[in-house]
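Here the structure is laid out as C-alpha cells; the discussion comes afterwards.
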Amino acid sequence: MNNKTIRVRFAPSPTGYLHIGGARTALFNYLFARGRGGSFILRIEDTDEVRSTEESIRAIIESMKWLGLEWDEGPSFAKSGKLKVESEGKTPSTFHLPLSTPDYGPYFQMARLDIYKKFAANLVENGKAYYCGCTPESLRKMREEQAARKLPPKYDGRCRDKKHDENDPGKIGCVVRFKMPADGNVEFDDAIRGRLSFENRLLDDFVILKTSGVPTYNFACAVDDYLMKISHVIRGDDHLSNTPRQMHLYRALGIEPPIFAHLSMILGSDGSRLSKRHGHTSVLEYRDEGYLPEAIVNYLALLGWATQESKQIFAAGELEKEFNLENCSKSPAVFDNQKLLWMNMEYLKKLRPDEILSRAKKHIDNAGLKITDEIYAAKIIGVEKDKIKLLADVPKILDIFFIEDITYDEEAVAKIFAEPEAKKMLAEAAKELESAAEFSKENLEKIIKDFCLGQGVKNAKVFHPLRVAVSGRMQGPGIFELLELLGKKRTLERIARFLKP
RNA sequence: GGCGCGUUCGUCUAGUCCGGUUUAGGACGCCGCCCUCUCAAGGCGGAGAUCACGGGUUCAAAUCCCGUACGCGCUACCA
C-alpha cells in the first residue's frame, strides 16, 4: 500500500454548483495527493443525462480553481483553449473552460462511453452480466408486489437466463444488469472506518448500462477508477453502501480494488443535511460574499479532520504535509458559519493593506465605488484592517473617503445632536481646526483635547459630533486618524455643509 | 421495512486502537473585566461535556463487550 503510487480523484456529478460538502471531499483528495507526491484527478461524472448541465461543469471548475485545487492531468486542450470532448451526451463537443491556465481538462465520462460498453460486453460474454428488457412499469409492479408482501424491494432476476444472441433485436431497449452472487459476503477495509462487511443476498442485480448505452454511476465509477489507476477512493459517506456493488464489479472484472476511505457528511445547524435553508452552500457564493479561498480551505480541512494538538490555523503548505486519513472523523460535522468568519478574519489579518485592496477589487466595483487613489485607499485599509471580516466590507470602510456626498445615519445624527449645544460645540471646534497649521493626527489630538479642556466638556462631547458631521456615522477609525485621512479641506467642508441649515 | 454507518462542551474536535498520567485538553461562539472618542481588534479571566442511554467485564471504563434509543445514508435505467 505504501509503495503504491498515490492517485486520487474528485468525481462530482454536474447536476448543480459545487457545494461545501463536495469542496471538502475535493480538498481532502487534493491534500492527500499533494502531501504524498501523488496525482489528483478531476473526473466529471456526467452520466445523468437529464440532470447534467454545462453550467454546473463551469461552476465546478471555477470553484476548484478559486479554491486552488488544481488537478494534475486530463485530456489535452486544443490551443484555442477548448476542450475536445467526443460526446454523445449533453456535454458539449467543445467546451470552454471558465479560466485559462492548465491546457488539460478534467475527464468527462460522457466522452468515454465506448469504454464502458466494452467492459459491459465483456461481462456479458463471461456470463457475469445479462441483458434485461423489463419495462419501468413491470419493475414498478414487481416492487409494489414485494412491498405488499413486506419483502425488501429488489430486482428478482427474471431476465437472468433469457437468451440474447448478438443479433437479437430484442437487445435493443434492454439494459445490462450485473449478476450478483446470491450468497456470501463482501468485505473490505475502509481507511477511515475499518473493516466493513455486507451480505450479498441483500444486493440485487443492479443496472450497469442503461437503455441509452450510458453507464450507471457504480459501473462507470469502478471502470474509471481502475483505468485511471486510482489508488485511494476518498469520497462521501453517502457512497458507503455503493462500495459492495463496486467490489463485486472489481471481482467480476478480475481487478484489484482501490483503497476506500469514506468521509463523514457535513450537516446544517439543525443536524440535517446541509442545504439552502442553512445559508450558503455553494463555494462560489462564499467567494461572492468576500471570503478568502485560503480561509475556506483551512476551515473545510477542520470539518472532519484534526491534528492531535487540535491546531487551528495552518500556514501555506502545512495542510498538505499534516493531512492524513487516519485522523479523519467518522461522525458527521455541523457547518459553523461563525467559525468560518473568524477564520476568514485571521487570514485577512495576514494580508498587507495593498493586498486586501487588490483582492477586494470586485467587491469595490460591485458596490459602485471608484477608487481614484490606491495608495490612499491602502492607507485607509491599514488603519481599518481589524474591522474587515469579509472582502465585501472593504468598500464599506472606503466609501466615506471616496464619496463627497456622504449619507448620514439618521439615528446617529439624532442621538449625537440631541442636545442643542452639540452643534455649537461642533462649530467652535471647527474654528480650532481651521487654524491648525499641521493637520496630523498628533497635532489634531492636541488641538481638540485642549479645546475640550478649555470648554470644560468631556472629550466625547466633541469627538462624537465631529465624527458624525464628517463621516455620517458612529463607527470608524479613531477621530484624529479620521480627520487626518480626510485632510483639512474636506474636513472643514463637511462640517460646514453639515452645519448649514 | 431491510442493510450499513455514526453518537465527547451550543458547534468543530483531542483523548478511544495499547483501560489508570483526565479535576476530560484545544478552538469558535457566549459571559465578565481591562484598553477606549465610536465600531472593531487585542489582553486577562469565566461558565460550559455525569463522554447518547442501559447493562456487563475489571481493583479501575470516555476508553473493552452486549443491548437499546436517536440521527444519517443506501435500498432508481440519480450520482
Side-chain angles (χ1 to χ4, degrees), chain A residues 11-15 45-52 132 134-136 139-140 143 147 150-155 174-177 190 193-194 196-199 201-204 206-218 220-221 236-245 262 264-265 267 269 271-273 299 302-313 326-327 329-343 345 349 384-389 397 412 416 445 448-449 452 458-464 466-468 471 473-480 482:
Chain A
S13 66
T15 52
E45 306 212 324
D46 52 354
T47 55
D48 185 331
E49 300 142 282
V50 318
R51 292 193 306 152
S52 295
C132 162
C134 292
T135 60
L139 290 173
R140 192 176 44 83
R143 286 193 195 104
K150 296 236 188 293
L151 290 169
K154 182 184 161 186
Y155 182 68
C174 286
V175 299
V176 179
R177 284 185 184 271
D190 187 280
R193 281 149 211 278
L196 264 19
S197 172
F198 297 82
E199 283 179 83
R201 63 179 181 86
L202 269 7
L203 269 16
D204 65 356
F206 63 99
V207 173
I208 59 174
L209 221 53
K210 305 182 220 174
T211 326
S212 57
V214 175
T216 57
Y217 164 72
N218 282 302
C221 183
D237 206 342
D238 46 341
H239 290 300
L240 199 54
S241 312
N242 282 320
T243 312
R245 294 189 183 86
H262 287 94
S264 59
M265 302 269 88
L267 309 177
S269 46
S272 69
R273 215 176 173 162
Y299 178 69
L302 258 23
L303 271 187
W305 175 78
T307 60
Q308 297 206 337
E309 325 80 77
S310 198
K311 182 168 166 179
Q312 302 294 313
I313 306 285
E326 295 73 48
N327 289 337
S329 166
K330 291 195 250 286
S331 49
V334 172
F335 189 85
D336 181 5
N337 229 309
Q338 284 190 125
K339 187 159 181 180
L340 205 213
L341 199 60
W342 166 78
M343 189 82 75
M345 208 183 58
K349 275 185 203 161
E384 290 282 82
K385 219 177 146 196
D386 292 339
K387 273 166 234 176
I388 305 171
K389 283 198 152 92
I397 64 153
I416 298 304
E445 180 163 2
I448 297 296
K449 281 193 172 166
C452 291
K458 275 195 198 161
N459 289 342
K461 290 282 179 209
V462 176
F463 289 12
H464 294 315
L466 265 176
R467 170 185 303 287
V468 173
S471 72
R473 52 199 187 211
M474 292 272 271
Q475 61 290 61
I479 185 67
F480 308 112
L482 173 61

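Bear in mind the structure is a predicted one, so any value in this text is a computation, not a measurement. Side-chain atoms are counted along with the backbone in the values below, which use heavy atoms only and exclude waters and symmetry mates. Just so it is clear: chains get the letters A, B, ... in the order the sequence lines come, proteins before strands, and each one is counted from 1.
- Where A/P215 and A/K339 meet RNA chain B, the nucleotide closest to each residue was compared, and A/K339 sits on the side nearer the 5' end.
- A 3.5 Å limit on both hydrogen-bonding distances identifies no Watson-Crick or G-U partner for B/rC35.
- Heavy atoms of A/R140 sit nowhere under 4.0 angstrom from any nucleic acid atom.
- Take the nearest nucleotide of RNA chain B for A/S310 and for A/N218: the residue whose nucleotide is more 5' is A/S310.
- Looking at residues two or more places apart in sequence or on another chain, you find no side-chain hydrogen bond (donor to acceptor under 3.5 Å, both in side chains) involving A/Q475.
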Show the numbers, then the answer: is there a ring pair (Phe, Tyr, Trp, His ring centres under 6.0 Å) between A/Y217 and A/F206?
-> CA-CA 11 Å; A/Y217 164 72; A/F206 63 99; over 10 Å; no

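- Using a 4.0 Å heavy-atom criterion, one finds that A/K330 contacts the sugar-phosphate atoms exclusively.
- Taking atom C1' on both B/rG19 and B/rA24, the two are 15 Å apart, rounded to the nearest angstrom.
- Counting 5' to 3', RNA chain B first comes under 4.0 angstrom of a heavy atom of chain A and last does so at the ends given by B/rG1 to B/rA79.
- Using a 4.0 Å heavy-atom distance criterion, A/K389 is classed as a sugar-phosphate-only contact.
- Figure legend. B/rA24 is base-paired to no nucleotide; pairs are counted as Watson-Crick or G-U wobble with both atom distances under 3.5 Å.
- A/Q312 comes within 4.0 angstrom of a base, heavy atoms only.
- Residue A/P332 is classed as a sugar-phosphate contact, given heavy-atom separations below 4.0 Å to backbone atoms only.
- Pairing of B/rG2, defined by two Watson-Crick or G-U wobble distances under 3.5 Å, is identified with B/rC74.
- The backbone N or O of A/K349 lies less than 3.5 Å from a partner atom in the side chain of A/K385, making a donor-acceptor pair.
- Heavy atoms of A/I479 sit under 4.0 angstrom from at least one base atom.
- Here A/P12 lies out of heavy-atom contact (under 4.0 Å) with every strand.
- With C1' as the reference atom, B/rG42 and B/rA61 are 43 Å apart, rounded to whole Å.
- Across all strands, A/K349 comes closer than 4.0 Å only to sugar-phosphate atoms, never to a base (heavy-atom distances).
- Pair assignment for B/rA62: none, as no Watson-Crick or G-U wobble contacts are both less than 3.5 Å.
- Sorted by first then second residue, the salt bridge (Lys or Arg N to Asp or Glu O under 4.0 Å) pairs that include residues 236-245 of chain A, not counting sequence neighbours, are A/R193-A/D237, A/D238-A/R273.
- Distance noted for atom C1' between B/rU16 and B/rC65: 14 Å (whole Å).
- The residue A/N242 sits close to a base: some heavy atom pair falls under 4.0 Å.
- Take A/K387 and apply the salt bridge (Lys or Arg N to Asp or Glu O under 4.0 Å) test, not counting sequence neighbours, and it matches A/E384.
- Formation of a donor-acceptor pair under 3.5 Å by the A/Y299 side chain with backbone atoms of A/L341 is not found in this model.
- Looking at heavy-atom distances under 4.0 Å, A/L340 makes no contact with the nucleic acid at all.
- In this structure, B/rC51 makes no Watson-Crick or G-U wobble pair, since no nucleotide meets both defining distances under 3.5 angstrom.
- Using a 4.0 Å heavy-atom distance criterion, A/H262 is classed as making no nucleic acid contact.
- Atom C1' of B/rU63 sits at a distance of 15 Å from the matching atom of B/rU7, rounded to the whole Å.
- Base engagement by A/T211 is indicated by at least one non-hydrogen atom pair under 4.0 Å involving a base atom.
- Within 4.0 Å of A/G194, counting heavy atoms only, lies no atom of the nucleic acid at all.
- B/rG54 sits 16 Å from B/rC70 when the P atoms are compared, rounded to a whole Å.
- Taking atom P on both B/rG67 and B/rG2, the two are 15 Å apart, rounded to the nearest angstrom.
- Nucleotides B/rA49 and B/rU38 place their P atoms 35 Å apart, quoted to the nearest Å.
- Within 4.0 Å of A/R193, counting heavy atoms only, lie sugar-phosphate atoms of the nucleic acid but no base atom.
- Remark: the separation of the C1' atoms in B/rA40 and B/rG48 is 26 Å, to the nearest Å.
- Using Watson-Crick or G-U wobble geometry with both donor-acceptor distances under 3.5 Å, B/rU7 finds its partner in B/rA69.
- Residues forming a salt bridge (Lys or Arg N to Asp or Glu O under 4.0 Å) with A/K458 (at least two apart in sequence, or on another chain): none.
- For the pair A/P332 and A/L267, the tightest heavy-atom approach, listed with the atom from each and the gap, is CB-CD1, 3.7 Å.
- Every residue two or more places apart in sequence or in another chain was checked for a salt bridge (Lys or Arg N to Asp or Glu O under 4.0 Å) with A/K154, and none qualifies.
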